[in-house]
Amino acid sequence: MNMTSSNDDVVALAQRLLACPSVTPATGAVFAELEAMLTPLGFTVDRFVVGEAPDGPVENLLAWRTTGAGPHFAFAGHLDVVPPGPGWASDPFAPEIRGDLLYGRGAVDMKGSIAAFVAALSDLPDDLPGTISLIITGDEEGPAVYGTLALMDRMAARELRPDMCLVGEPTSSQRLGDVVKIGRRGSVNMWIRVAGSQGHVAYPHLADNPIPRLVRILTAIEAEVLDEGTDWFQPSNIEITDLEVGNAAHNVIPGAATARISIRFNDQHSGASLIERIKSIAAVEGGTVEARISGESFLTQPGAFSDLISGAIRDVTGVETELSTTGGTSDARFLSRLCPVAEFGLNNATMHKLDEAVAVQDLRDLQRIYAQVVERALG
């Protein structure tokens, strides 16, 4: 495919994206840059803004190109970044190459991966049959309410459904290609409240202290063993993440006490089943529970798709890939409802850190890997 040099050079593409400040939720210039990269390549680009405060508005981009009958390969990612914070050696939104590294907020998480995928399009045969799409949100690092979920609604309205999806999250640990994620644990947060009756500490018979009851609830929760893990998942875990009474007076029995817990769970559970489990424990002491499920667990069974990715990595880098489900959540938890999903991208050592940086050679190698993945998937 004939390309301009700017659309052929992965480093130049990455610099263009990094130069656009895009702290979550991202809008505007960074999406305009990506659209300008994709339109000359024959992609139909649909940019849209959706959502209301406090979780919106959010900008998203859906792009697709069909070159004949064949499978549909999707690449998913996000253009938003976490706040850079003070203390950078250079402007986090003025990309700079120092030595072998390209510095800038989002270099590895994950503008570099998006640039590598766009650059990889230049390596594909002109007559490669099938559909290629990009599912790019401006809100993955934030609430993620109007991001990938809204993109999935947009895809459904256009009758676009991928056969496989690669998410460009920075999964590599020590070397590019050493880890590919084929699943993630689910996540649910719960707020436990125990109501009491306020009163003077000298007259406890006229009050009802909620703290001992909350402590007993948390002790019971701490004693829970959810599972022992599975072949692909580590054990599910419950963590107490907050305790609050808000009692400023030393001589007052408080009227209520609250706690928050976070559960990361494998595919032996669902968010709903865990909520009911905690509710039953809390109810023994009169506690109530509110909950928010951030995402369910998912697993893409090892097979043709993961073999295809591992093979491309091996051919380009010589690295033998480990398939993993460790780490936090990503938007793959949503996309797994559509098709088999895997995650693979750059080295994650500097993501969310000061002076985030990517090795220039890793960008070039990732471009080659992505090109092989797409060609093998569609060919």
Side-chain angles (χ1 to χ4, degrees), residues 22 24-27 30-39 41-52 55-80 110-111 113-114 117-118 120-121 124 128-169 181-184 293-296 298-300 305 308-309 329-345 370 373-374 377-378:
S22 57
T24 192
T27 59
V30 70
F31 282 96
E33 282 290 351
L34 183 57
E35 181 178 15
M37 297 173 190
L38 294 173
T39 301
L41 302 177
F43 281 83
T44 299
V45 178
D46 177 14
R47 288 170 57 190
F48 62 98
V49 177
V50 65
E52 305 291 338
D55 296 329
V58 171
E59 184 164 3
N60 299 299
L61 180 149
L62 176 63
W64 64 96
R65 183 184 73 192
T66 299
T67 53
H72 178 169
F73 181 92
F75 176 85
H78 62 91
L79 285 169
D80 61 317
M110 56 171 285
K111 293 179 179 180
S113 291
I114 293 173
F117 188 79
V118 174
L121 298 172
L124 301 179
L128 189 66
T131 297
I132 301 172
S133 65
L134 289 90
I135 307 166
I136 309 296
T137 181
D139 179 24
E140 192 270 352
E141 301 289 6
V145 173
Y146 298 113
T148 296
L149 289 172
L151 279 158
M152 290 166 63
D153 290 340
R154 201 80 161 191
M155 294 169 68
R158 295 183 176 277
E159 298 184 343
L160 290 169
R161 189 180 184 96
D163 296 298
M164 66 205 85
C165 180
L166 180 62
V167 182
E169 287 289 344
K181 305 283 187 179
I182 58 169
R184 295 277 189 163
I293 301 170
S294 300
E296 300 289 349
F298 78 92
L299 176 67
T300 299
F305 189 31
L308 182 154
I309 299 168
T329 59
S330 75
D331 279 1
R333 68 191 189 272
F334 304 130
L335 295 162
S336 62
R337 304 173 192 173
L338 298 180
C339 63
V341 176
E343 301 172 62
F344 166 60
Y370 281 167
V373 168
V374 177
L378 298 186

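On a predicted model such as this, the values are computed, not experimentally measured, just so you know. Hydrogens, waters and symmetry mates are skipped; everything else that's a heavy atom, side chains included, is used. Counting from 1, the numbers follow the sequence of the chain as shown.
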Requested in this report: Take Ser330 and Glu343, measure what side-chain hydrogen bond (donor to acceptor under 3.5 Å, both in side chains) needs, and give me the verdict at the end.
Outcome: CA-CA 9 Å; Ser330 75; Glu343 301 172 62; 3.0 Å; yes
Query raised in the report: On the ring face of Phe48, is Arg154 found with NZ or CZ under 6.0 Å from the centre and within 45° of the axis?
Result: yes
Query - Residue pair Asp331 / Val167, side-chain heavy-atom distance below 4.5 Å - result: no
Requested in this report: Would you tell me whether Thr137 and Thr148 have side-chain atoms, one donor and one acceptor, within less than 3.5 Å of each other?
Outcome: no
Requested in this report: Measure the spacing between CG of Leu308 and CZ of Phe73 and express it to the nearest 0.5 Å.
Outcome: 8.0 Å
Query - Polar contact flag, side-chain donor to acceptor under 3.5 angstrom, Lys111-Ser22 - result: yes
Report task. Decide yes or no for Tyr146 and Val49: does some side-chain heavy atom of the first lie under 4.5 Å from some side-chain heavy atom of the second? Result -> no
**Report entry** Steps toward side chain to side chain contact (heavy atoms under 4.5 Å, CB included) verdict (Leu134, Arg65)
**Finding:** CA-CA 9 Å; Leu134 289 90; Arg65 183 184 73 192; over 6 Å; no
Requested in this report: Please report the shortest heavy-atom distance between Ala74 and Pro162, naming the atom on each side.
Outcome: CB-CB, 3.7 Å
Query - Intermediate values then yes/no, side-chain hydrogen bond (donor to acceptor under 3.5 Å, both in side chains), Thr329 and Ser294 - result: CA-CA 8 Å; Thr329 59; Ser294 300; over 6 Å; no
Report task. May I ask you to decide if Gly147's main-chain N or O and Asp139's side chain share a donor-acceptor pair within less than 3.5 Å? Result -> no
Query - Gap between atom CE of Met155 and atom CG of Asp46 - 0.5 Å precision - result: 11.5 Å
Query raised in the report: Are Glu59 and Arg47 close enough for a salt bridge, meaning some N to O gap below 4.0 Å?
Result: yes
Query raised in the report: For Arg333, does its backbone N or O pair with a side-chain atom of Ser336 as donor and acceptor, under 3.5 Å?
Result: yes
Report summary line: For Val58 and Gly138 the tightest heavy-atom approach is CG1-C, 4.1 Å
Query raised in the report: Any side-chain heavy-atom pair from Met110 and Glu169 closer than 4.5 angstrom?
Result: yes
Requested in this report: Compare all side-chain heavy atoms of Pro25 with those of Asp80 and state whether any distance is below 4.5 angstrom.
Outcome: no
Query raised in the report: Does some side-chain heavy atom of Pro71 sit less than 4.5 Å from a side-chain heavy atom of Met164?
Result: yes
**Report entry** Spacing of Ser113 atom OG and Phe75 atom CZ [to the nearest 0.5 Å]
**Finding:** 5.5 Å
Query raised in the report: OG1/Thr300 to CZ/Arg184 distance, rounded to the nearest 0.5 angstrom?
Result: 11.5 Å
Query raised in the report: Taking atom CG of Leu378 and atom CG of Leu128, what is their separation to the nearest 0.5 Å?
Result: 4.5 Å
**Report entry** side-chain contact (heavy atoms from CB on, under 4.5 Å), paired with Leu151, selected from Ile136, Ile135, Leu160
**Finding:** Ile135
Query raised in the report: From Asn60 CG over to Asp153 CG, what is the distance, rounded to the nearest 0.5 angstrom?
Result: 10.5 Å
Report summary line: Between Gly345 and Tyr370 the two heavy atoms that sit nearest each other are CA-OH, 3.8 Å
Requested in this report: Please tell me if the side chains of Cys339 and His72 come closer than 4.5 Å, counting only heavy atoms from C-beta onward.
Outcome: no
**Report entry** Student check: side-chain heavy atoms of Ile182 and Phe305 closer than 4.5 Å
**Finding:** no
Query raised in the report: Closest approach of Leu335 and Ala76, non-hydrogen atoms and distance?
Result: CD1-CB, 3.4 Å
Query raised in the report: Hey, mind stepping through Phe344 and Lys181 against side chain to side chain contact (heavy atoms under 4.5 Å, CB included) and telling me if it holds?
Result: CA-CA 7 Å; Phe344 166 60; Lys181 305 283 187 179; over 6 Å; no
Requested in this report: Begin with the C-alpha distance, continue with both residues' side-chain angles, and end with the deciding distance and a verdict on side chain to side chain contact (heavy atoms under 4.5 Å, CB included) for Leu38 and Leu121.
Outcome: CA-CA 10 Å; Leu38 294 173; Leu121 298 172; 4.3 Å; yes
Query raised in the report: Are side-chain heavy atoms of Phe43 and Ile132 found at a separation under 4.5 Å?
Result: yes
